[in-house]
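What's counted below: heavy atoms across the whole structure, side chains too, no hydrogens, waters or symmetry copies.
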Amino acid sequence: MSINKIILIGHVGKEPEVRYYDNGGAVANFSLATTEKGYTAANGTQIPDRTEWHNIVLWRGLAEIAEKYVHKGSKIYVEGKIRTRSYDDQQGIKRYVTEVWGDAMELLDRKQDNVQSNRPPFPEPSATPSSKPQATTFTPTATQSTPSLPSDESDDLPF
């Protein structure tokens, strides 16, 4: 058995680039920065912040959501898998690109942040259950669901 799963929380580095295909499908590409905070070691050595940049790829409905609501500086949660591809550059040198293909995305900005930056507002949460996703959680297919415990099992956690 093997698992290819990545979870990232970070800030978007550039506006999503969205392309539409003849069949109506969409793909969005953008960069996401994650930063580990620096610290001072016990011996007084200063360890600086370390920022990693990730190439994010979203397909279909997630790409359309990214086009509307994800902007440079947005804080988002992305869950997906790592994919590596190669290509030959103009000089014929083989280059490799590592990407995160997102399966789920959640917008983490507060509504007030969007209003102050003149971004489109997030969709309003629904008070009653509907077929629409919740306010800021988006998944690519409607067939995904959260497993639940059978009703005859109890939760015996101490908290």
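- With no hydrogens or angles considered, a side-chain donor-acceptor pair links T34 and H54 at under 3.5 Å.
- Rounded to the nearest 0.5 angstrom, I76 CD1 and L107 CG are separated by 7.5 Å.
- Side-chain contact between L32 and W53 is absent, with no heavy-atom pair separated by less than 4.5 Å.
- Taken to the nearest 0.5 Å, the CZ atom of R83 stands 14.5 Å off from the CG atom of N55.
- The NZ atom of K5 sits 12.0 Å away from atom CD1 of I82, with the distance rounded to the nearest 0.5 Å.
- Looking at D109 and K75, no side-chain N of the basic residue comes within less than 4.0 Å of a carboxylate O on the acidic one, giving no salt bridge.
- A donor atom on one side chain and an acceptor atom on the other are not found under 3.5 Å apart for E64 and Y20.
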Inset, instruction - Verify side-chain contact (heavy atoms from CB on, under 4.5 Å) between T40 and T45, making sure each step is shown before the conclusion. - result: CA-CA 6 Å; T40 303; T45 304; over 6 Å; no
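- For the pair Y77 and L8, the minimum side-chain heavy-atom distance is 4.5 Å or more.
- By the neighbour-count criterion of 12 heavy atoms within 6.0 Å, atom CD of Q90 is sparsely surrounded, having that number or fewer from other residues, nucleotides or ligands.
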Inset, instruction - In sequence, state the C-alpha distance, the side-chain angles, and the governing distance for M105 and V70, and then conclude on side-chain contact (heavy atoms from CB on, under 4.5 Å). - result: CA-CA 10 Å; M105 172 184 67; V70 175; 3.8 Å; yes
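- The two residues T51 and A33 make their nearest non-hydrogen contact at CG2-CB, 3.9 Å.
- Of the possible donor and acceptor atoms, one in the side chain of D49 sits under 3.5 Å from a partner among the backbone N and O of G38.
- In plain terms, the two heavy atoms of V18 and A28 that are nearest each other are CG2-CB, 3.8 Å.
- Of the charged side-chain nitrogens involved, at least one lies within less than 4.0 Å of a carboxylate oxygen, so that D103 and K81 count as a salt-bridged pair.
- For the atom pair Q46 CD and Y39 OH, the distance stands at 10.5 Å (nearest 0.5 Å).
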Inset, instruction - Before giving the answer on side-chain contact (heavy atoms from CB on, under 4.5 Å), spell out for R50 and E52 the whole-Å C-alpha distance, their side-chain angles and the decisive distance to 0.1 Å. - result: CA-CA 7 Å; R50 180 182 172 100; E52 294 288 335; 2.9 Å; yes
Legend entry - Criterion side-chain contact (heavy atoms from CB on, under 4.5 Å) on R95 and I93, from CA distance to verdict: CA-CA 6 Å; R95 302 285 182 179; I93 299 171; 4.0 Å; yes
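- E15 places no side-chain N or O within donor-acceptor distance of the main-chain N or O of H71, the cut-off being under 3.5 Å.
- Distance OG/S31 to CD1/I56: 8.5 Å, rounded to 0.5 Å.
- Y21 is connected to V57 through a chain of hydrophobic side-chain contacts under 4.5 Å among Ile, Leu, Val, Met, Phe, Trp and Tyr, so both are in one cluster.
- In plain terms, the two heavy atoms of P16 and A66 that are nearest each other are CG-O, 3.8 Å.
- In this structure, D22 places its CG atom where only 12 or fewer heavy-atom neighbours from other residues, nucleotides or ligands lie under 6.0 Å away.
- Closest of all the heavy-atom pairs between I3 and M1 is CD1-CE, 3.8 Å.
- Put simply, CG on N29 and CH2 on W59 are 8.0 Å apart, with the number rounded to the nearest 0.5 Å.
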